[in-house]
Amino acid sequence: MKNKTVYIASDHAGFKLKSQLLKIFSKMADLGTKSDESVDYPDFAHKLTKEIVKNKNNFGILICGTGVGMSIAANRKKGIRAGLVNNAKTARLIRKHNDANVLVLPGRFININEAKKCVQTFLSTEFESGRHKKRINKI
Ligand code: RB5
């Protein structure tokens, strides 16, 4: 996690997984939600993405039930490249090929061990640039 500020947020469906991840990655900045009481995922996607675009060393983790709502909401923000993944191989590729700055996890469809591997891989993989940079510029 060298030189990176990592923010994490979830809705109620991602709250349990977020709590588990925070026990492992205790330096992450937690932007809520703070309980399993029902909330609206866009509120948390917007709160987190606002922080990420402030600095290129800021990275984010978003969690909802499927990961789809958070992905849709996060990707509406200019400068955000959010990728929904459920395994470490894909977590590596969204960094290498897509320069993703937000990792989205499906809280109801991934276990803590796989989620931990996704986060570790996402945070330790560099963007490959080259032909991928050209493609990102077309988005
Ligand atoms: C909440 O029930 C659920 O709809 C939400 O977490 C997410 O999966 C939406 O995409």
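Ligands are counted one by one from 1 in listed order, and the atoms in each one are counted from 1 as well. Please read all numbers here as calculations on a predicted model, not as lab measurements.
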For the pair Y7 and M28, evaluate side chain to side chain contact (heavy atoms under 4.5 Å, CB included) and give the outcome as yes or no after the intermediate values. CA-CA 6 Å; Y7 294 84; M28 285 181 187; over 6 Å; no

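- The 12-atom threshold is exceeded at CZ of R81, counting heavy atoms of other residues, nucleotides or ligands nearer than 6.0 Å.
- Taking each heavy atom of K50 and V53 in turn, the nearest pair found is O-CG2, 3.5 Å.
- At most 12 non-hydrogen atoms from other residues, nucleotides or ligands lie less than 6.0 angstrom from NZ of K56.
- There is no path of hydrophobic side-chain contacts, each under 4.5 Å, that joins L62 to L21.
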List below, pair by pair, the N or O atoms of ligand 1 and of the protein that are less than 3.5 Å apart, including the distance to 0.1 Å; reply 'none' if no pair qualifies.
unit_1   : atom_1 : unit_2 : atom_2 : d
ligand 1 : 2 (O)  : R108   : NH1    : 3.4
ligand 1 : 6 (O)  : D11    : OD2    : 2.6
ligand 1 : 6 (O)  : G65    : N      : 2.8
ligand 1 : 8 (O)  : G65    : N      : 3.2
ligand 1 : 8 (O)  : T66    : N      : 2.9
ligand 1 : 8 (O)  : T66    : OG1    : 3.2
ligand 1 : 10 (O) : T66    : OG1    : 3.4
ligand 1 : 10 (O) : G69    : N      : 2.9

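- D36 and H12 get closest at one heavy-atom pair: O-CB, 3.4 Å.
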